[in-house]
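Since the structure comes first, as structure tokens, the remarks are kept for the end.
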Amino acid sequence: MVVETRTQNALDRFVSKARELFARENDPQERWTKLAPILAELLADPSVLEASGSWPDCVPADGRAENLLFYEDPDYGFAVNGLTKGQARQGVRSRIHDHAHIYTLYGVLDGHENIERYERLDDRSKPDYAEIRLSSDKHVGPGEIDLVGPYEIHTENTVGERTVAVIIRSEKSGGFNQGRYLPETNEYYESLGPRQTLVEMFPPSK
């Protein structure tokens, strides 16, 4: 009997190292800080960039963004997402938002974006109200990683080219509300996070 064995790909290696880290590190901030260089290895793997050329563009619908879902860990709960912004997303500003209670590592794989961070100024005593101020605006490119902690306010915007990101979340989005911010009117509201579309990071060879 012939037993087929599959060579580990870049995603397999990332998941293996991430699980090892999660098994030995319980502090959330330490865990996610130490996960960044493991994500950097994934972003630097040429096979991931090559595969991303076939990933479908993420298309917002019904007021929700879309993420590609490559992997969800059965034990630790972390999810590996893809986010592709094609021609239809160019010139369209993304919503200013937070990710509620979860941690997120946002890694740029291809293209360039502007990442904006905001600080909240009000005392949070008024419902449906939030005063925020831009605290940083950074132009990022391939290999750069942004660690977004719980309830940190931010957005990522295109700069005229297709961009691809690999995102690691402490929990799969889409099943809980996230904060949304409208600084022009100081409005705050909540809505569900991105729809999850199951996609293989490495599509089978044709």
Side-chain angles (χ1 to χ4, degrees), residues 28-29 32-44 48-49 52 55 57-60 63-68 79-124 126 128-170 173-174 177-195:
Q29 187 65 36
W32 285 88
T33 299
K34 293 176 180 177
L35 189 60
I38 301 175
L39 174 57
E41 293 179 13
L42 180 66
L43 297 173
V48 181
L49 179 60
S52 72
W55 299 349
D57 285 346
C58 294
V59 180
R64 297 178 67 186
E66 179 185 27
N67 280 180
L68 310 179
V80 181
N81 287 124
L83 177 59
T84 54
K85 299 177 183 178
Q87 190 60 41
R89 297 285 294 276
Q90 302 308 310
V92 179
R93 282 186 57 84
S94 298
R95 288 187 294 192
I96 301 171
H97 62 284
D98 64 44
H99 293 162
H101 58 281
I102 68 172
Y103 282 85
T104 302
L105 281 173
Y106 187 94
V108 181
L109 176 64
D110 194 21
H112 296 80
E113 293 186 292
N114 286 333
I115 293 181
E116 299 175 0
R117 291 294 201 116
Y118 292 82
E119 59 179 324
R120 189 160 179 176
L121 305 176
D122 65 292
D123 62 7
R124 304 170 189 255
K126 300 178 184 177
D128 308 322
Y129 180 90
E131 292 181 38
I132 62 173
R133 177 173 61 197
L134 181 68
S135 57
S136 68
D137 185 356
K138 183 180 180 183
H139 187 72
V140 297
E144 295 192 71
I145 296 170
D146 188 32
L147 171 58
V148 183
Y151 301 101
E152 292 185 348
I153 306 167
H154 64 285
T155 189
E156 305 91 13
N157 288 300
T158 60
V159 293
E161 60 189 31
R162 182 179 188 259
T163 57
V164 182
V166 176
I167 307 169
I168 317 300
R169 305 186 191 277
S170 58
S173 292
N177 282 343
Q178 300 179 187
R180 316 296 185 187
Y181 302 82
L182 300 175
E184 299 84 1
T185 58
N186 294 330
E187 181 182 354
Y188 170 83
Y189 67 99
E190 296 181 358
S191 63
L192 290 174
R195 297 175 292 112

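Keep in mind that the numbers below use all heavy atoms, side chains included, and drop hydrogens, waters and symmetry copies.
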* Salt-bridge criterion met for Glu144 and Lys138 (N-O under 4.0 Å) -> yes

* Asked: Does the pair Ser173 and Ile102 meet the rule for a side chain to side chain contact (heavy atoms under 4.5 Å, CB included), with working shown?
  -> CA-CA 9 Å; Ser173 292; Ile102 68 172; 3.7 Å; yes

* Are any of the side-chain nitrogens in Glu131 or Arg120 under 4.0 Å away from the carboxylate oxygens of its partner? -> no

* Roughly how far, to the nearest 0.5 Å, is the CG atom of Leu43 from the CD1 atom of Ile38? -> 12.0 Å

* To do: Could you tell me which non-hydrogen atom of Leu42 sits nearest to which non-hydrogen atom of Val48, and how far apart they are?
  => O-CG2, 3.4 Å

* Asked: Which atom pair, heavy atoms only, marks the closest approach of Ile145 to Gly107?
  -> CG1-CA, 4.1 Å

* Going from CD1 on Ile153 to CD1 on Ile132, what distance comes out if it is rounded to the nearest 0.5 angstrom? -> 5.5 Å

* To do: Walk me through it: do Asn67 and Arg195 pass the test side chain to side chain contact (heavy atoms under 4.5 Å, CB included)?
  => CA-CA 6 Å; Asn67 280 180; Arg195 297 175 292 112; over 6 Å; no

* To do: Please report the closest heavy-atom contact between Glu113 and Val108, naming both atoms and the distance.
  => OE1-CG2, 4.4 Å

* Which value, rounded to the nearest 0.5 Å, describes the distance between Thr155 atom OG1 and Tyr181 atom OH? -> 12.5 Å

* Structure fact -> Closest non-hydrogen contact found for Pro142 with Asp110 is CG-CA, 4.2 Å

* For Gly86 against Arg162, the heavy-atom pair lying closest together -> CA-CG, 4.3 Å

* **Lys/Arg N to Asp/Glu carboxylate O, Arg180 vs Asp98, below 4.0 Å** => no

* Asked: Can a donor-acceptor pair be found between the side chains of Tyr189 and Glu187 at a distance below 3.5 Å?
  -> no

* **Centroid-centroid under 6.0 Å between Tyr129 and Tyr188 rings** => no

* To do: Determine the interplanar angle of the His99 and His154 rings, folded into 0 to 90°, and report it as parallel if under 30°, tilted if 30 to 60°, perpendicular if over 60°.
  => perpendicular

* Starting at CG of Leu105, measure out to OG of Ser170 and round the result to the nearest 0.5 Å. => 9.5 Å

* Structure fact -> Pro150 and His101 have their tightest heavy-atom pair at CG-O, 3.4 Å

* What's the verdict on side chain to side chain contact (heavy atoms under 4.5 Å, CB included) for Leu109 and Thr163, showing C-alpha distance, side-chain angles and the deciding distance? -> CA-CA 8 Å; Leu109 176 64; Thr163 57; over 6 Å; no

* Does the side chain of Glu161 pick up a donor-acceptor pair with the side chain of His112 at under 3.5 Å? -> yes

* Note: Asp146-Arg117 ion pair, threshold 4.0 Å (strictly below) -> yes

* side chain to side chain contact (heavy atoms under 4.5 Å, CB included) between Glu116 and Asn157, worked out -> CA-CA 8 Å; Glu116 299 175 0; Asn157 288 300; 3.7 Å; yes

* Looking only at side chains, do Asn81 and Arg169 share a donor and an acceptor under 3.5 Å apart? -> yes

